Peer 1: 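After the structure tokens below, expect a handful of questions from me.
In listed order, ligands and their atoms are each counted from 1. Residue numbers run from 1 in the order of the sequence given. Given the structure is predicted, the values throughout are model-derived calculations rather than measurements.
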Amino acid sequence: MASDTATAHANVNLALVKYWGKREPALNLPATGSISITLDGLGVEARVAFDDGSADRLEIDGSPAAGKEAGRLERFLDVVRAEAGRRERALVATRGSVPRGIGLASSAAAFAALALAGSRAAGLRLEPPALSALARRGSGSAARSIFGGFVEWRRGERADGHDSVAVQLAPPERWDVRVVVAVTTTAPKAVSSRDGMRRAEASPFYPAWVAGADTDLIDARAAIEARDLEALGLLAEHSALKMHAVGLAARPPLLYWRGATIECVHRVWELRADGTPAFVTIDAGPQVKVLCTPADASRVAAALAAVPGVERVLTCIPGDGARVLA
Ligand code: DP6
């Protein structure tokens with residue numbers, strides 16, 4: 001039945017103030033708030049159809065989902081079914097336009113698209129905050145991909161997580177910035193965000209990380225409101241470097257960087273010393289993402305492409321939130 005089928009699209013997002021640690025793992029409730037920018041053109045389309053099949057059938061980029069990935073999708077469908085009070089199994093197909101292995105987590109886009117398509121297919125019409133809370137159950141960062149532009153995911157206080165949802169701080173057209181991504185390796189990462197976060201939570205530096213988050217969020221909100229690239233960029237760098245410092249102090253240690261990662265950071269700092277406002281951030285992998293103005297993007301991209309070990313460079317603009325396609 002057509003009413004039991006829906007297709008939706010969502011873009012990836014890049015955290016400027018990082019989410020790194022949970023207050024409650026089962027509901028994916030974060031220890032701190034976080035702020036991101038949604039990126040255009042790097043997204044995932046998800047189609048969900050509830051039917052009378054005897055099991056969920058899951059397909060990612062044209063191949064059957066397997067192992068951990070399949071388990072995670074099935075658990076997410078169970079959450080959608082529980083919310084909608086339905087029991088039918090589903091046919092799910094996702095297709096990403098995110099190049100694989102570039103370290104821009106497609107899981108954020110995938111679970112945002114699945115939350116929208118899955119809830120529609122199950123007959124629910126959720127408002128954006130409830131959609132964000134649903135997407136969060138699949139992957140924390142997916143809560144932010146429901147919205148476009150600059151987005152804050154609130155930590156929330158409630159045990160049920162209903163107040164741990166994202167809100168839009170500014171639409172994409174309000175501030176035209178660029179994010180240049182330097183890909184230093186396309187090898188699969190050794191430690192997933194989820195596992196890395198768990199390890200970081202036992203780091204002696206973790207309490208300091210959590211304690212500093214509220215100040216970072218206040219300053220990032222003000223920088224976005226004022227469209228102050230230097231203030232936001234310096235803060236994004238600070239947040240990313242603190243996040244990685246927490247991992248370095250963990251046991252066993254967590255180090256996502258490769259040699260080229262560090263060379264890219266130094267190259268960006270040289271550009272800055274020469275008068276180009278450009279700022280780095282790094283996620284749970286070795287790629288370097290650089291925030292800069294549209295006018296400087298090609299210079300930044302050329303400088304990063306010339307760093308030994310950089311395999312490719314791509315430039316992104318701010319993007320829209322999740323939308324229903326059919
Ligand atoms: C470093 O959202 O992938 O990208 O909630 O366990 O699925 P789970 O983790 P995930 O973690 C993202 C971590 C990060 C920082 C961020 O996006 O804020």
Peer 1: I need the atoms of ligand 1 closer than 4.0 Å to a non-hydrogen atom of Ala15, numbered in the order shown.
Peer 2: 16 (C), 17 (O), 18 (O)
Peer 1: Taking CD in Glu230 as the centre, count heavy atoms belonging to other residues, nucleotides or ligands within less than 6.0 Å. Is the count above 12?
Peer 2: no
Peer 1: Is it true that Glu24 and Lys22 make a salt bridge, defined as a side-chain N closer than 4.0 Å to a carboxylate O?
Peer 2: no
Peer 1: By number and element, which atoms of ligand 1 are closer than 4.0 Å to a non-hydrogen atom of Asn28?
Peer 2: 5 (O)
Peer 1: Should Arg174 and Phe150 count as side-chain neighbours, where that means a heavy-atom distance under 4.5 Å?
Peer 2: no
Peer 1: Checking Arg86 against Phe50: charged group under 6.0 Å from the ring centre and within 45 degrees of the axis?
Peer 2: yes
Peer 1: Could you give the distance from CG (Leu255) to NE2 (His244), rounded to the nearest 0.5 Å?
Peer 2: 9.0 Å
Peer 1: Looking only at heavy atoms, is any part of Arg72 under 4.0 Å from ligand 1, and if so is it the side chain, the backbone, or both, or is it neither?
Peer 2: side chain
Peer 1: Would you mind running through ligand 1 and noting each atom that sits below 4.0 Å from a heavy atom of Met197?
Peer 2: 9 (O), 11 (O), 13 (C)
Peer 1: So does Arg258 have more than 12 non-hydrogen atoms from other groups sitting under 6.0 Å from CZ?
Peer 2: no
Peer 1: Taking only heavy atoms of Lys22, which atoms of ligand 1 are found under 4.0 Å from at least one of them?
Peer 2: 5 (O), 6 (O), 8 (P)
Peer 1: For ligand 1, is there an N or O atom under 3.5 Å from any N or O atom of Ser139?
Peer 2: yes
Peer 1: Output the list of atoms in ligand 1 that are nearer than 4.0 Å to some heavy atom of Gly140, sorted by atom number.
Peer 2: 2 (O), 5 (O), 7 (O), 8 (P)
Peer 1: What do we get for Arg144 next to ligand 1 when only non-hydrogen atoms under 4.0 Å count, side chain, backbone, both or neither?
Peer 2: side chain
Peer 1: Without swapping roles, check the side chain of Arg144 against the backbone of Leu14 for a donor-acceptor pair under 3.5 Å.
Peer 2: no
Peer 1: State the CG-OG distance between Leu169 and Ser36, to the nearest 0.5 angstrom.
Peer 2: 8.5 Å
Peer 1: Is it true that, when you exclude Glu173 itself, more than 12 heavy atoms of the residues, nucleotides or ligands shown sit nearer than 6.0 Å to its CD?
Peer 2: yes
Peer 1: Is there any N or O on Met243 that sits under 3.5 Å from an N or O of ligand 1?
Peer 2: no
Peer 1: What is the closest protein heavy atom to atom 13 (C) of ligand 1, and at what distance does it sit?
Peer 2: Tyr19 O, 3.7 Å
Peer 1: Indicate, as side chain, backbone, both or neither, the part of Ser34 found under 4.0 angstrom from ligand 1 when only non-hydrogen atoms are considered.
Peer 2: neither
Peer 1: Starting from atom 4 (O) of ligand 1, which protein heavy atom do you reach first, and at what distance in Å?
Peer 2: Asp283 OD1, 3.6 Å
Peer 1: To which protein heavy atom is atom 2 (O) of ligand 1 closest, and what is the distance rounded to 0.1 Å?
Peer 2: Ser141 OG, 2.7 Å
